[in-house]
Amino acid sequence: QVQLVESGGGLVQPGGSLRLSCAASGIIFSANAMAWYRQAPGKQREWVAIIANGGATNYADSVKGRFTISRDNAKNTAYLQMSNLKPEDTAVYYCSARRDNVWGQGTQVTVSS
C-alpha cells in the first residue's frame, strides 16, 4: 500500500521546537525527493522545504535558519526539525514524495502561548 504517514505535530509555545516525521511505504523512498508543505487556516498550501534523494536541501525564506529537513533512507522516513517556532508557523503540515506525487494526511502544528 502506497502511503505517507506524518507524526509529531502538537501544541507548542512560541520559541519552542517540534520534530515531524514522515514514514513512507509502498514507494521507492530513496528515489524520491521528499518535501514538506503546510496549510494555515484560510490560506493556500505553501512549500516549506525539500530534500533531494542525494541529500541536497532547500528551504522557504520564511523558515530558513529555523527548520531542518533530513531523511533516513534505511528507515524510509523523512523529518522536519522545527525550532524557534512562531505563531505564524501554525498550520497543517504535509509531506510529499515528489517523484511519485504521493501525499500524507497531514499533522497539525499549533504555536500558541
Side-chain angles (χ1 to χ4, degrees):
Q1 183 180 3
V2 175
Q3 65 176 355
L4 300 178
V5 179
E6 300 99 333
S7 60
L11 173 65
V12 62
Q13 292 187 341
S17 299
L18 281 175
R19 189 176 82 153
L20 306 182
S21 299
C22 172
S25 58
I27 64 171
I28 303 175
F29 182 78
S30 60
N32 276 270
M34 298 298 296
W36 287 93
Y37 293 75
R38 66 186 182 186
Q39 188 166 19
K43 295 188 176 181
Q44 293 203 352
R45 187 173 298 189
E46 65 172 352
W47 167 74
V48 173
I50 191 166
I51 183 165
N53 51 357
T57 59
N58 202 7
Y59 299 90
D61 287 344
S62 58
V63 307
K64 200 171 292 184
R66 300 188 298 121
F67 290 11
T68 301
I69 190 171
S70 61
R71 64 190 298 157
D72 185 337
N73 288 345
K75 295 182 178 180
N76 287 351
T77 302
Y79 304 96
L80 186 68
Q81 177 68 49
M82 305 185 294
S83 303
N84 191 20
L85 283 160
K86 305 175 181 181
E88 52 264 41
D89 295 317
T90 295
V92 177
Y93 283 72
Y94 300 88
C95 68
S96 176
R98 300 313 300 137
R99 188 195 76 163
D100 295 341
N101 194 27
V102 178
W103 291 79
Q105 82 291 346
T107 185
Q108 176 70 46
V109 172
T110 302
V111 184
S112 175
S113 54

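Heavy-atom basis, side chains included; hydrogens, waters and symmetry copies ignored. Worth saying up front: this structure is predicted, and the values here are computed from it rather than measured.
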- request: Before giving the answer on side chain to side chain contact (heavy atoms under 4.5 Å, CB included), spell out for Leu18 and Val111 the whole-Å C-alpha distance, their side-chain angles and the decisive distance to 0.1 Å.
  value: CA-CA 10 Å; Leu18 281 175; Val111 184; over 6 Å; no
message: Evaluate Arg99 against Ile28 for side chain to side chain contact (heavy atoms under 4.5 Å, CB included), listing each step before the verdict.
response: CA-CA 10 Å; Arg99 188 195 76 163; Ile28 303 175; 4.1 Å; yes
task: Begin with the C-alpha distance, continue with both residues' side-chain angles, and end with the deciding distance and a verdict on side chain to side chain contact (heavy atoms under 4.5 Å, CB included) for Ile27 and Val102.
output: CA-CA 9 Å; Ile27 64 171; Val102 178; 4.2 Å; yes
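A 4.5 Å side-chain heavy-atom check between Val48 and Ile69 finds every atom pair outside the cut-off. Side-chain contact between Ser30 and Asn53 is absent, with no heavy atoms from C-beta onward closer than 4.5 Å. Within the 4.5 Å cutoff, side-chain heavy atoms of Val109 are placed close to those of Leu20. Using a 4.5 Å heavy-atom cutoff, the side chains of Asn58 and Trp47 are in contact. Residues Phe29 and Met34 form a side-chain contact, since some pair of their non-hydrogen atoms from C-beta on lies under 4.5 Å apart. Looking at heavy atoms from C-beta onward, Tyr37 lies out of side-chain contact with Ile50 at the 4.5 angstrom threshold. The side-chain heavy atoms of Val92 and Arg45, taken from C-beta on, include no pair separated by under 4.5 Å.
Aromatic ring orientation, Trp103 versus Tyr94: perpendicular (interplanar angle above 60°, classes split at 30° and 60°).
Contact detail for Ala49 and Leu80: the closest heavy-atom pair is CB-CD1, 4.3 Å.
A donor atom on one side chain and an acceptor atom on the other are not found under 3.5 Å apart for Arg19 and Ser17.
Partners of Asp89 under the side-chain hydrogen bond (donor to acceptor under 3.5 Å, both in side chains) rule, at least two apart in sequence or in another chain, are Arg38, Arg66.
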